[in-house]
Novice: 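Following this message is one structure expressed as structure tokens.
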Amino acid sequence: MDSFIIAALALCSLTAPTYGDKGTSKARSCSDIRQFYGGKGFALDGVPQSEISGEHLRICPQGYTCCTSDMEDNLAMLCRREMEGLLKDAGRSLQTSFVGQYKAFDGYFLELLNQSTINLQETFTTTWGSLYAQNSQVFTDLYTDLRHYYRGSNVNLEEVLNDFWARLLEKLFYQANKQYFIGEDYLECVSKQIETLRPFGDTPRSMKMMVTRTFVAARSFVQGLVISGEVVRKVSQVPLSQECMRAMMRMTYCPHCRGMASARPCANYCSNVMKGCLANQADLNTEWRHLAETMMQVAFRLNGPSGVDSVVLSLPSRISEAMFTMMENIDTVNSKLFQACGNLREGGTSSTGVDEVMKRLQVAVEDKVATSSNRIDQLVSDVTVRLRDMQPYWVSLPSVLCSDRVATGTGAEEKCWNGMSRARYLPEVMGNGLASQINNPEVEIDITKPDMTIRQQIMQLKIMTHRLKNALNGQDVDFQDTSDDVSGSGSGMCADDMCSRGPRLVVPVTERPIVYQYPPENKKVKASAKQNLPSVTTYLLPLLILLLRR
């Protein structure tokens, strides 16, 4: 009999329910989660007063719990909104940085153009007198076309420069030969001789080369800033998947349901959840880095002796030098033009105006380049630092979210939340990117179905990088397009109320997004759990602050 009683007691002890974290025989109060749940804005109707059996739970472990099915669903949706909000805030922080860089460079470049225009007006009024006053529209049109080109208009820069020199040749020839009657047809013939005659010496050729390289680089550079901001905006708005929402809920709020509100996620556990949730975003990393590296190369091209300062501010002196070359050799120029286009009959004014012009040319045109500040040096240095810092942005997001401020750090591996209880987390950490998540134990992902919005942005980065590389070689690129997808109301260069009032620069989508091939399902990708955290955390600091307030 005694042995029977002992056996019965042993059986009862094995089948007796355990409660909460301590396994006490008394159901624990749910006062903590009631306070927490109400603090999140939810009604307390239906919230248990004490722990209940958790067979109804679909996300959290099914032990004794303080959460009902409705509470679990509400907290899962809340977790999703909070995480998507944090990612958008991090994206806005990076967008703001791009906006700042765009405004700084754009403002400086337009300031250079304005200063160059003023320099030309001042020096040409003194040096060229009535010849400039009567033909100032030629120079005004040149600067207008240069501005339009920089702003992204469909302007052929080479044609602009060729047209400028052809029109200038006509005006100077007419001014130097006022004693003749010169019709429009004759002037058209004159302008056609510019290539064989070369009345302006080597200046048109050298100026075309410098202006083209500088303006192509400047326009592609600001366009790179625009596209970078646009990519960040669109990717930051990609919704988290249902599988990610479940994993985030299990990691973030399930401890509250189990009465372990103070338990923080194990570091490797958090890494696997975040790497799974942000797998598609991490696939931006390669092209994102390529774009940043190419933009830095273009930025360096904008600096130095042949940079934007030198080229833009030297335009007046180069043009004046070319004009002086022609007027100094006007007799030879006339002789060749008369031979090519025919002799002219007299019928104009008695004075040619050449003597007046040549007297004025005894005063050299002042070169304003030396008056330029070193602002471009600082701009290039600043943008280079920021571009270098933001290179690891997409693969740094999981590491930043799972830093020691959020997840349990080294030394407490036995007490952290591993998704089921307070215990060590055993699975290995996955690598970055979608293909590496094939064996992710926390987030179920179909690696054959990448997010198409993110794949489109990867293609945008590739297109922009290709155009920037062309710009490094001085090859012109056309950015103008009417694509509704890119030129919509949400420009990448707009962060809240920081939208630029200037013309919008856009990149057309000319290719279909690439769907990458992935390894077979039995291939396991391993990666280190440790991630280097560069100063990209600057952009993610608001995200951490908001997460800590949770």
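The chain is numbered in sequence order, starting from 1.
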Novice: Determine, stepwise, if the pair Tyr132 / Thr125 fulfils side chain to side chain donor-acceptor pair (under 3.5 Å).
Specialist: CA-CA 6 Å; Tyr132 169 70; Thr125 298; 5.3 Å; no

Novice: Does the distance from a Lys or Arg side-chain N to an Asp or Glu carboxylate O, for Arg386 and Asp389, drop under 4.0 Å?
Specialist: no

Novice: I'd like to check the salt bridge (charged side-chain N to carboxylate O under 4.0 Å, His left out) partners of Glu84; sequence neighbours left out, ordered by chain and number.
Specialist: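 Expected list: Arg80.
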
Novice: Can you give each donor-acceptor pair under 3.5 Å made by side-chain atoms of residues 330-338, sequence neighbours left out, with the distance rounded to 0.1 Å?
Specialist:
{"residue": "Asn334", "atom": "OD1", "partner": "Asn177", "partner atom": "ND2", "Å": "3.1"}
{"residue": "Asn334", "atom": "ND2", "partner": "Asn177", "partner atom": "OD1", "Å": "2.9"}

Novice: I want to check something: taking the side chain as every heavy atom from C-beta on, are Tyr393 and Leu284 in contact at a cut-off of under 4.5 Å?
Specialist: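 Sidechains of Leu284 and Tyr393: no contact.
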
Novice: Taking salt bridge (charged side-chain N to carboxylate O under 4.0 Å, His left out) as the definition, give me every residue that meets it alongside Arg198, ordered by chain and number, with sequence neighbours left out.
Specialist: Asp202

Novice: Is a salt bridge present between Arg151 and Asp106, judged by a nitrogen-to-oxygen distance below 4.0 Å?
Specialist: yes

Novice: Could you tell me if Asn285 and Asn432 have a donor-acceptor pair between their side chains, going purely by distance under 3.5 Å?
Specialist: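 No - no donor-acceptor pair under 3.5 Å links their side chains.
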
Novice: Grab the two heavy atoms, one from Ile319 and one from Trp165, that are nearest each other, plus how far apart they are.
Specialist: CA-CH2, 4.2 Å

Novice: Any idea which heavy atoms bring Lys275 and Pro398 closest together, and the distance?
Specialist: CG-CB, 4.0 Å

Novice: Quick one: do Asp451 and Arg455 make a salt bridge, cutoff under 4.0 Å?
Specialist: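 Not counted as a salt bridge, because no side-chain N and carboxylate O are separated by less than 4.0 Å.
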
Novice: So Tyr149 and Asn154, side chain to side chain donor-acceptor pair (under 3.5 Å) or not? Walk me through it.
Specialist: CA-CA 7 Å; Tyr149 174 83; Asn154 191 16; over 6 Å; no

Novice: Using 30° and 60° as the class limits, which term best fits the ring planes of Trp128 and Phe124: parallel, tilted or perpendicular?
Specialist: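 The arrangement is tilted - the two ring planes meet at 30° to 60°.
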
Novice: Check whether any side-chain heavy atom of Val383 lies under 4.5 Å from a side-chain heavy atom of Tyr102, and answer yes or no.
Specialist: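 The answer is no, as the side chains (C-beta and beyond) never meet within the 4.5 Å cut-off.
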
Novice: Pairs in or reaching into residues 139-148: which pass salt bridge (charged side-chain N to carboxylate O under 4.0 Å, His left out), with residues at least two apart or in two chains?
Specialist: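 Qualifying pairs, neighbours excluded: Asp141-Arg167.
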
Novice: Using a strict threshold of under 4.0 Å (side-chain N to carboxylate O), is an ion pair present between Glu230 and Arg233?
Specialist: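 A salt bridge links Arg233 with Glu230.
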
Novice: Which residues pass the ring-ring contact (aromatic ring centres under 6.0 Å, His included) test with Phe164, sequence neighbours left out?
Specialist: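 Expected list: Phe139.
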
Novice: Which residues pass the salt bridge (charged side-chain N to carboxylate O under 4.0 Å, His left out) test with Lys192, not counting sequence neighbours?
Specialist: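 Checked Lys192 against salt bridge (charged side-chain N to carboxylate O under 4.0 Å, His left out); matches are Glu188.
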
